[in-house]
Amino acid sequence: MPLSRILGVLTVSALALTGAANAEPIRIGLTLSATGPAASLGIPQRNSVALMPKQMSGQDVEYIVLDDASDASKAVANARKLIDENKVDVLIGSSTTPAALAMIDVAAEKHVPMIALAASAAIITPMDDRKHWAFKSPQNDSLMAEAIAAHMEKAGVKSVAFIGFNDAYGDGWLAEFTPAAARHHVTITTTEKYARPDTSVTGQVLKMIASKPEAVLVAGAGTPAALPQKTLRERGFTGVIYQTHGVANNDFLRVGGKDVEGTILPSGPILVAAQLPDSNPIKAVALDYITRYDAANGAGSVNNFGAHAYDAMLMIQGAVPAALAAGKPGTPEFRAGLRAGLEGLHNVTLDHGVTTMSPTDHNGFDERARVMVTVKDGHWALLP
Amino acid sequence: MSLLEIDNLSIGYSGIEAVRSVSLRVEAGEIATVIGPNGAGKTTLLGAIMGILPSTGSIRLNGESLTGTDIEHRVERGMSLVAESRELFTTMTVAENLRLGGFRLRAQGQAALQRGMDENYALFPRLAERRTQLAGTLSGGERQMLAMARALMARPRLLMLDEPSLGLAPLIVRDIFRTVAALRASGVAILLVEQNARAALAISDHAVVLEMGRITLAGKSADLAANPRIVEMYLGAGR
Amino acid sequence: MIRFWPVLVIIAAFGLPWLPGLPLFWVTLGNEIGIAAIVATGLVILTGIGGMTSFAQASFMGFGAYATAILSTRYGVSPWLGLPAALLASGIAALAIGAITLRLRAHYLALGTLAWSVSLYYLFGTLDLVGRNDGISSIPPLQLAGVKFVDVRQSFTLIALALLASLWASRNLLDSRWGRAIRALRGGSVAAASFGVNIAAARMLAFVYAAVLAGLAGWLFAHLQRAVNPTPFGLNASIEYLLMTVIGGAAQLPGALLGAGLVVIVNDRLQDWLPLLLGHAGNFEVIVFGLLLVLVLQFAPSGLWPLIARRTAATRHTIGTIALPKRATPAPGPALEVSGLRKRFGGLVAVADLTFSLSAREIIGLIGPNGAGKSTSFNLLTGVTKPDAGTVRLAGRDVTGLSAPAMARLGVARSFQHVKLAASMSVIENVVLGAHLRGNASPIAGVFRQDRAEEAALFGEAMRQLERVGLAELADRPATSLALGQQRIVEIARALCLDPSLLLLDEPAAGLRHAEKQALAELLRKLAAEGMAILLVEHDMEFVMNLAARLVVMDFGTRIAEGPPAEVRRNPAVIEAYLGSAA
Amino acid sequence: MDLSILLILLQDGIVNGAVYALVALCLVLVFAVTRIILIPQGEFVSFAALTYAVLDTGVAPASLYLLCGLGAAAFLRSCWTRRGSELLWLALETLILPAIVTLITIWLAPLHLGVAVQAILAIAITAPLAPYLYRLAYQPLAEASVLVLLIASVGAHLALGGIGLLVFGPEGSRGPAFTSAIFHLGDQTISGQSLWIVALTAASLTGLYLFFEFTLLGAALRATAVNRLGARLVGIRTSQSGLIAFTLAGLLGALSGVLIAPLTTIYYDGGFLIGLKGFVAAIIGALASTPIAVVAALGVGVVESFSSFWASAFKEVIVFTLIIPVLLWRSLRHQTTEDEE
């Protein structure tokens, strides 16, 4: 049988298969880094799935959660599996920037919207055909980096030493913070790296102290970010220490103890939701999530990362009415409608801020999405 | 009942049957020897009796079946093998090698261990001189002595010796054979595998000839030494 | 039908993914399996067959992936041109790393590659050139005639063809002159070196070949995933490829596919089934996977493929009739002169001042008690061991201290006291190893099957030698399934394949029956008559005394007597030392 | 870089190196006796550290489940192949012991009896995991090749890593220091905890030395390492030797975990990198020589400390590439013509 004929026959039979779905629930597929180095991000995100609504706009919603072990190729495989096997309408994930970057192409190829839970602005900028289908719920690193640099300038800090994770998180922060610091006339005296499981950062800390900075910025996530700070204090550094929003959970306070008192960091408002003025619409949304998360996972267990996943769901919830108008769940029309709906979100309040998306901005946060926070008496305190 | 009773023992590895249906007996307090050409399966036979190589057939020591048990169990039951390759602990001292030889009797305490060491030093004075030397630095003859002494430390009921004269000077070979002969007095039964057929037949009570994995002749050593075929094949060249 | 299998396979590669009713995700899984299987195929050759454990295969995959990613994103080079670049990048990386690391043996090598793997992972994550930890994204997909390979079905075809090509090339390689050298590395490298195989080169070949396959996988990965970053090229990934290979059955090519398939599918299914079983509370996949891995190894320590196919059918070899060129018949005169040869091992003098000579057309017996230094002398004469003092002359030329392959090149062939045949090879494959130096096909010729004429000639020669020693009908049997005596004869056939001028045989008659011994003696006489010089170590006095013109008797590394058999047998020193005196 | 920085880095390197030394020692010991490359050694370190940290909060740690579970699994796996006469002893080791440890922990944990009690409990909970793991994963594979044993190690490491995440969660913890004392030596400060680490490492090394040199059991272990067949021929059960080696590895691993817990934050998977660095040292010691491995471990600690000062981004690259020349030098010195396994 000639090859062209075989291909012809096969193509016809493949075509017969498509377009069968109807009256389906809305399927949301998540690939999260629930194991591996980014597990401290992925686990609260997975825990948040349990809090998500089972219905949106009267439609049943089904969540399918997969673990990508913090591995980009696994995340891509998961994305394909969720789309091809589970027929999801929208993807959420993954937790880290490299994994989210790798998923963009699958989303674009399959015409399925995805909402990344990673911070790097590179996921959605510069906007092009590939990123047409990509959205993201965490604030851009640049927004946070800008806030830190601005705070430094306001506080009269002229020089800062940088120490970050030797991975995408640390790299991303360094890339964003360097221009932000320049804009606010802050010099970076030295940039150091360390690995998440390192047992000692004495060498880096000595190098930083030797460069005589007025402040230090630690770009790490979760408890590992406490190590440089503890070592700095141990070695007698008395300047201000800035952290990133990646540390915003209670484990950081537990491990950091008295050494993290006075730390300054930018964060989503959720971290200090109770301290927000009642006029802030975010307060109610965030407190609702916090209450339910803590009820399910133990008091004080809430953190920023879980809320990013929850925010992704809130974004979808906001876009579903538009999508339903375009088509039934499970159809390409629905997915396209969902994408358009996400892009059309206007003044939607999330745990981390208020988003207004546009064809060029698939994150949509403004200044309301970050507050400056400090650690006072072992608790997070909102800075005016 | 003989001390060691082997019936229908066959040993095969990598597809070849190296030893086929061998049966033999060793009586308490006697020396038995297995002679035969290179590659006839002599070492394989001892390996199987000791449990190093898997085999089919029956092996009984003092009436107790050892079929399917491991090496360590057979040591516990009173077998000792001095392997052709000696298998010494080369980076340990002579004294440590001997001490470990008495591992089977560790429950009897330090005094018993020391007594055993003294006896063996008496049997092999050369070892006493070298007790702090590493086994790997000993000469060939001394290694053989150490291997035998280490085996004797376990106070075995059956001592198996694989080519004890291998690569040793005639004078030392003579010493070793004298020692083997003398051990008979201590009551241990000995199964000897030896290429030096003349020496082996001279000190043993019974002998078997193993050729191509089969026993082709068996009998009293003195008879075998006089058997014309044996004389031609294994002894004859000397005349 | 069998002859059309390539066509069937290609039809499957194109048609399978379009099969009606086949879930699309299975195709995705198939792609994942295919890429992993290509890497694992390299590991079969390197680890399972060559005996070198590598923890760096994912790193080599990284070299390939990054090479094509950089070229296609920064320089706009066509992805198709990225393929040779990827293969070259991983090959060159392997060559450089191999040059530093391959001298290491056994587990040192394994851990050396582990160190490379960790350090390369961090290097990928630190270098701007490769996009640091974020890696490189927006890699263009492959295109053919305007069609972009973005759909997993199209990718499947491409991956399947690449995998088939890898398996085909690997099979060809294993079935070639250099492939036999690689197959002999495990357990037979001393023997292989004695027949002129450059062991270091064979090791490097296996290392680079496996890396190039990993580079191919990396190229596919980069253009199908369209984003690369360090994680898929880290230590964990390397370990996963290794465990796929071991689970599948490290020593067989199909094991690579089986292992890759099992690991990928089990991982995927666990992700689906475990939450149903244990709830969503935790991630049990990795725990269950780890336990399964241990259990599988406990029940099948040599992998699963051997359980499925007990033994791959023997490869058919074309037996050519064209004779290989022969060495010029040596001029009469001393073929071998040994004087004052000496070797110590630690405190033990194994050979002390050994002196004797041997002419062409002469058979000499070297006798002495076990451990007298005969085998050591053989190793000294064949270059396996270097002497401490003394000289060895071959046809008048000083060859003292030459390596084993160099000695082989000069026409010295040998057999071994402890038979050294590669267990994984058939009788004729072992024999043809002896003719290694009489062929000159390169590994690349082997991979592309351009060596068939030469191979046929080599196998023809091997067959002739097997016929000569009377074992032709056993040619296709696994070598180690023969009786020990026959294995010794196989070694003689292998030695004859070298077309030697000097033949050293270590106990060739041990384990032979009477009639076989007579046939062997006849053969040796004939060989001597043709001009060969033969040195025999033998315990069988009847055999050696009837055959040898002279006997050299050794004891404690020294020559204690020399002369015609009848004379030696009356020598009192010989009687004392060897033939045994009463205790 | 001035002298005081140099001294601080040196001190830091030695303290970390001391922990690597304990790990390296276990790897050398286990490999020599059993031919197993014990990748899960790192897990013993991190599990002990995390257990120690949890105990400080006055709560009975979830690792007790692991202890009892693994014990029971080891019991079942060993029953399979065991003769009846040994069952009692086996049950004592794999069932009764974890039960006792669990009861004592539940009783003592809320009482806040101080770091010494917590440290001992943490070791008692973690150390037995090693022999259980041996019974479960490796004993049935005793005669397998080094490669197969290595892959089995990978399996054990994967499973334990997953369990670690389940039991301890993704975030790290720190344990309480044994002492908050700080000593001043010129302008140098030395923390009491560092001295504890160096002292206990030295004590463990001495203890091991005495055990190996002066006890019959220690000699039996060395004998197994030197010559497995020889050891079996004098009646030393190699599986027993393996069990003892694993027990020691578990004890020392747990000890290193408790020692390092106050110095730094430990994560469920943090032991792997500590293990890898111990590995580097063990490889330099060529998996056979204890003194070289210890010196190499200290060297790795110091190199790591200095490279984190000079080029922190390339620290791991430097540490792991460093072993290549050492390996080369070793392999050139010990040229062998032997065939590969």
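A note on names: the letters A, B, ... follow the listed sequences, proteins ahead of strands, and every chain is numbered from 1.
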Inset, instruction - Check whether any side-chain heavy atom of A:Pro224 sits under 4.5 Å from a side-chain heavy atom of A:Phe165, and report yes or no. - result: yes
Inset, instruction - Sort out for me which of A:Ile104, A:Val106, A:Asn78 touches chain C most, counting heavy-atom pairs under 4.5 Å. - result: A:Asn78
Inset, instruction - May I ask you to decide whether A:Glu24 forms a salt bridge with A:Arg335, counting only side-chain N to carboxylate O separations under 4.0 Å? - result: no
Inset, instruction - Name the region of A:Ser73, side chain, backbone, both or neither, that has any atom closer than 4.5 Å to a heavy atom of chain C. - result: both
Inset, instruction - Give me the ring orientation class for C:Phe233 and C:Phe124: parallel if the planes are under 30° apart, tilted from 30 to 60°, perpendicular past 60°. - result: perpendicular
Legend entry - Contacting moiety of C:Asp268, where chain A heavy atoms sit under 4.5 Å: both
Inset, instruction - Determine yes or no for a side-chain-to-main-chain donor-acceptor pair under 3.5 angstrom, with A:Thr244 supplying the side chain and A:Gly220 the backbone. - result: yes
Inset, instruction - Using a cut-off of under 4.5 Å on heavy-atom pairs, state which of A:Lys110, A:Lys193, A:Lys74, A:Glu109 scores highest against chain C. - result: A:Glu109
Legend entry - Structural part of A:Arg130 lying under 4.5 Å from a heavy atom of chain C: side chain
Legend entry - chain A contact via C:Asn229 - which portion, at a heavy-atom distance below 4.5 Å: side chain
Legend entry - Which atoms of C:Gln225 approach chain A - backbone, side chain, both or neither, heavy atom under 4.5 Å: both
Legend entry - Among the listed options C:Gly135, C:Pro232, C:Gly131, the residue most often paired with chain A at heavy-atom distances under 4.5 Å: C:Pro232
Inset, instruction - Pick one of side chain, backbone, both or neither for C:Leu224, based on which atoms fall under 4.5 Å of a heavy atom in chain A. - result: backbone
Inset, instruction - Return the orientation label for the A:Trp173 and A:Tyr169 ring planes: parallel under 30°, perpendicular over 60°, tilted otherwise. - result: tilted
Legend entry - C:Pro230 vs C:Tyr66 side-chain heavy atoms within contact, under 4.5 Å: yes
Inset, instruction - Counting only heavy atoms closer than 4.5 Å, note whether C:Ser138 contacts chain A via side chain, backbone, both or neither. - result: both
Legend entry - Pair A:Asp171 + C:Arg132, salt bridge at N-O below 4.0 Å: yes
Legend entry - Cationic N near anionic O, under 4.0 Å, A:Lys207 to A:Glu192: yes
Inset, instruction - Between chain C and each of A:Leu101, A:Thr97, A:Leu66, count heavy-atom pairs under 4.5 Å; write down the option with the most. - result: A:Leu66
Legend entry - Which portion of A:Ser70 sits near chain C, non-hydrogen atoms under 4.5 angstrom: backbone
